[in-house]
Amino acid sequence: MLNSLRKNINFVAIFAITIISLTVCTVFTFSIKESSAIVVSSKNDILVLYAGSLANIFENHLKPIFENLTNYNLKGEGRGSLQLSNLITDGFRRPDIFISADTTPIKTLMNNDPQLADWLVKFASAEIVIAYNPQSSFASDFLKAKNGTMEWYKILEKIGFKFGRSDPKLDPKGYYTIIVAELANIFYNDFTIKERILGYDNNNKQIFPEEVLSSILEIGQVDAISAYKHEAIAKKIPYITLPNQINLGHPNNTNYYNQVTYNLNPGQTIYGNPIYFSVTIPYTVQNLEGANNFLKFLLSNNGKNILKQTGLNPIDPILQKD
Amino acid sequence: MYLYCRNKSRLNIVKINDMNRLRNNNLSPSRINVSGFNFLLVIIVTILGLYITYPIFGLIYLIEPSNLLNSLIRIELFDSLLLSLTTSTISTLVIAIFGIPLAYVLARFKSKIKFILQIIVIFPLVLPPLVSGTLLLGVFGPYSYLGRLIPIEFTQSIIGIIIAQTYVASPFLILPVQAAFEAVPEKYEIVARTLGKKRGYIFVKVLIPLAKKGIIIGLLMSWIRSIGELGATMMMSYNPHTISIQIFEDSAIGGIRNSVAGIVLVILIAVVVLTIFILIRKQHVRFGW
Amino acid sequence: MLDLDGNCIMVLNIINVTKKFDNFSLGPINTIFDNNITVVIGSTGSGKTTLINLIAGILKPDTGQIMIDTIDITKQAIEERKIGYVFQDPLLFPHLNVYDNILFGLRKKERKLKEKITYTNKIIDELGIHHLLDRNINNLSGGERQKISLARMLVLNPNIILLDEPLSHIDPIGREKLRRELRSILKKQMVPTIYVTHFEEDVYSLADSIIILENGKIEQNGTFEDLLNNNMRSSSEFTEKILAVGNYLIGEVIYSQHNLTKVKVGENILHAIGKFSCKSQIGMIVKREDILLSREKIITSARNIIFVKIIDMRYTLNMVDVYLRSTNLNLVARITKDAAEELEITIGEHIYAIFKASAPHLIRQENNLH
């Protein structure tokens, strides 16, 4: 017996290490908070589905501060807002809180059969900017655009310029970019601009998953992306702002924004509107008390300060029920 | 003339010198062709070796050494790493308990069922993980039949992670183990039976020891595949974060540089697995594994 | 079952057994094996391995029964039959050392029993493999491996012993060594032993009785003498070779030194090569082709010169089998037709039969079984 043990010392060592580490792992895992949802959702968990662009704000700011203040565990998943509403209507996710980068995804839940939500609160506004890679060959052009000596769309039109944006079918930012371009046509009175900077709506040379946009900008696969101002600030990416009439960030330009429409899918046409980040507690809520707590936090002064610091523009909450 | 080959020993340099010497001796063409073939092999192997190792060295550009230590000591990184290690181990054990007997059936029982069974076993390998995840979500999700019948949280939980990993990684264990069993001549089992032993005893005491290497390789493969699982896990159980999902989220939050710490951790795990793999290979070769 | 002397013997009964494959069919086989060594020979594809695989349970017969004493084992699984099987390839378990290989068949409790340990050691000593016990199975010779395979099987006291060409994978020297020891080892077990081979020497050294299998049927079944005295021609060249060896003589060793042995057969003293103990009975096989005929008693290097009378001549295509007799000694010589014509030999004449000392193949005799 000892003989065979000695012969197989390698295997014995590996086996022992595996067992020990498994024990250690199990002990550790069961002592950390996330492990609670093995059998039944713990009373301490709050599942938040949020628009992908809020990743940094949520994970690095809202979540740790909220968890510090309260006893709750926030579990967040960030994706394109339309994608998230699809997951909810498919029954694949049952969030306690749904934060969307536009009212449209939540409205989809409200109009769904069966209905999955009946109210939303617009809590912050955002504007579209063009974020660029300071090491791109077009960086000097962007600097010119920043101090006003060059028009931004002229840069995007240039041959060899690579632009990145998200999928308008999955992410509001995707269709916002298209709306912005259409508004640019009107604003600059040049109806070729959109085609020259975007190509066609679903141009797959420009479309990337929302989550990877900033990464591919960083490594230089694209020269610029369309982004929310708060995103660019959060990720410390240089950006140029667009005129208020087209950047969808100013509610007093609502009428101007309304000039443009976009066909989300057959039968659903939406108007250009200021971007309102909205939140709801859908019918799928499992932890109502926790959801209410988080909502209160988000809309509180504490929450507003956090949003402001991270570049989002908090507004007085507007409740909408249709 | 020297050829620097990263992964090869001096043997290659000697071969090329030999080639020159042969040419100088005016040997018959067939001799030179053999050396030429060796040369070609060396080139191909070097290219492939570089292709695989180069991106790892490219990581150096992304690492900011001063920041690295700080970014490594993030609690969520370690939590997710621990979670990945644990769930992968559990998944591998689950796969082993069911998969090893299944591999035995596939290796030893020849019948029409075997064909269908073989396809079923390979199936998760062929599906893109995202598709697997969606399918699993469909039958384990909160509104599915099972989800409503059984009061267990199959999705967005550790069980969800294990379900996703088990589904995707099972071929990685079953196929090598099947090959290992098939490599053991059936004659040994017949001999054991003439010595009075029953089939079950033979399976445990003869077949498994002789297929030991293949079994361990299968365990390693499915384990490391579970660690690397992203697509199916993302659908079934985004929370709690496995290390792969954590890396994914890190890059969504702060770009590639933010995810470097997680990447480094995973590479360290890969190195550990590789070391074990090499140790096993060094053991006395029995049936050509 | 008890034999005539009251000893307990095992009987293996094969009744009407058939087995059909795509291009070959075996049977119907009807035969009884008793506590002896039966050598089964036949050309390749004659069904030898199929037959013992049926007895072992590795194959199930299409029809018929296999019985040990009164127990029908036809439907039993391999592991339920208490048979021992030595394969051509020793198939020692690579993951166990030699000693563990030998003990493999014993159950855990059995390994601790004193009787079992004693018995195991006895077998190990008998086979002379004591020095190999803790060795890895890899660096052993073919002969050593086969001995371990034998030991592994013998410690279990099987009711039937089957051997499928066990000496085939051994080098010629090792083969000869093992062959000499094999008979005594197998006889000690006193169970039906069936030995499949294609080596003639195995027949000479080991057989109590012989079965010749051809095309899936038993062609001949009996002792060596029965087969030789039975002048039936077989349909295959192979068995022809065995049968037509021709001359089988029994005598007593009167001298044996420096590898030269003198044997008294009848009134004649014959010379042969080999080392045997004096006073022992010995069998000599002399091939028909090895015997020369001469009209004169010439001086040659051949040591064996016998004065014989020609009692019969039988012609084949181009050879003649000449039947000769001396006192208590019968021989058959095979010469070409041309030679027969040249010598003008006729029945009734006297002539000299000559063969070298190296011609006879010697077989040790056991006391009462031939």
Side-chain angles (χ1 to χ4, degrees), chain B residues 96 100-101 103-105 107-112 176-220 276-277 279-289, chain C residues 49 52-59 73 76-97 100-108 110-111 116 136-139 145-146 148-164 166 169 194:
Chain B
I100 293 181
Y104 174 68
V105 169
R108 288 292 183 247
F109 291 87
K110 321 280 176 201
S111 75
K112 291 184 190 108
V177 172
Q178 182 186 342
F181 282 157
E182 281 171 351
V184 175
E186 266 190 83
K187 280 252 163 192
Y188 283 110
E189 290 162 67
I190 295 188
V191 170
R193 291 180 77 189
T194 64
L195 295 167
K197 298 300 180 188
K198 297 215 180 76
R199 276 209 158 101
Y201 181 92
I202 298 176
F203 179 64
V204 174
K205 294 280 188 168
V206 177
L207 198 56
I208 290 189
L210 290 178
K212 190 163 56 175
K213 267 178 112 168
I215 294 179
I216 295 188
I217 300 285
L219 290 170
L220 278 179
I276 299 179
F277 188 84
L279 280 175
I280 294 176
R281 291 284 274 159
K282 268 179 154 184
Q283 293 259 313
H284 190 77
V285 174
R286 260 192 246 288
F287 290 114
W289 222 118
Chain C
T49 308
I52 53 172
N53 280 349
L54 283 166
I55 297 173
I58 299 172
L59 297 170
I73 63 166
Q76 277 188 348
I78 306 176
E79 56 266 21
E80 289 169 32
R81 310 184 192 200
K82 273 198 80 185
I83 54 142
Y85 200 141
V86 178
F87 294 83
Q88 237 180 61
D89 180 355
L91 289 170
L92 303 178
F93 296 117
H95 63 294
L96 303 170
N97 69 8
D100 289 328
N101 258 287
I102 296 177
L103 295 184
F104 180 81
L106 296 171
R107 279 170 300 185
K108 241 172 130 191
E110 284 182 309
R111 294 187 200 196
K116 269 299 174 187
N136 188 277
I137 61 140
N138 285 318
N139 300 325
R145 273 190 234 227
Q146 209 53 294
I148 297 165
S149 172
L150 270 164
R152 180 173 65 179
M153 177 262 298
L154 290 172
V155 297
L156 297 175
N157 262 324
N159 291 334
I160 299 174
I161 297 180
L162 306 168
L163 305 108
D164 187 0
H169 286 0
I194 305 173

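Per chain, numbering begins at 1; letters A, B, ... match sequence-line order.
For C:I78, the parts lying under 4.5 angstrom from a heavy atom of chain B are both the backbone and the side chain. Looking at C:L91, the atoms closer than 4.5 Å to chain B (heavy atoms on both sides) sit in the backbone and in the side chain alike. For C:L96, no part sits under 4.5 Å from any heavy atom of chain B, backbone or side chain.
For the pair B:R108 and B:F203, the cation-pi criterion (under 6.0 Å, within 45° of the ring axis) is not fulfilled.
Within 6.0 Å of the NZ atom in B:K205, the count of heavy atoms belonging to other residues, nucleotides or ligands does not exceed 12.
Put simply, of C:L162, C:L92, C:V86, the one with the most heavy-atom pairs under 4.5 Å next to chain B is C:L92.
Separation of atoms CZ (C:F87) and CG (C:N53) is listed at 7.0 Å; rounding is to 0.5 Å.
Under 4.0 Å is where a charged nitrogen must lie from a carboxylate oxygen, and between B:K197 and C:E79 no such pair does.
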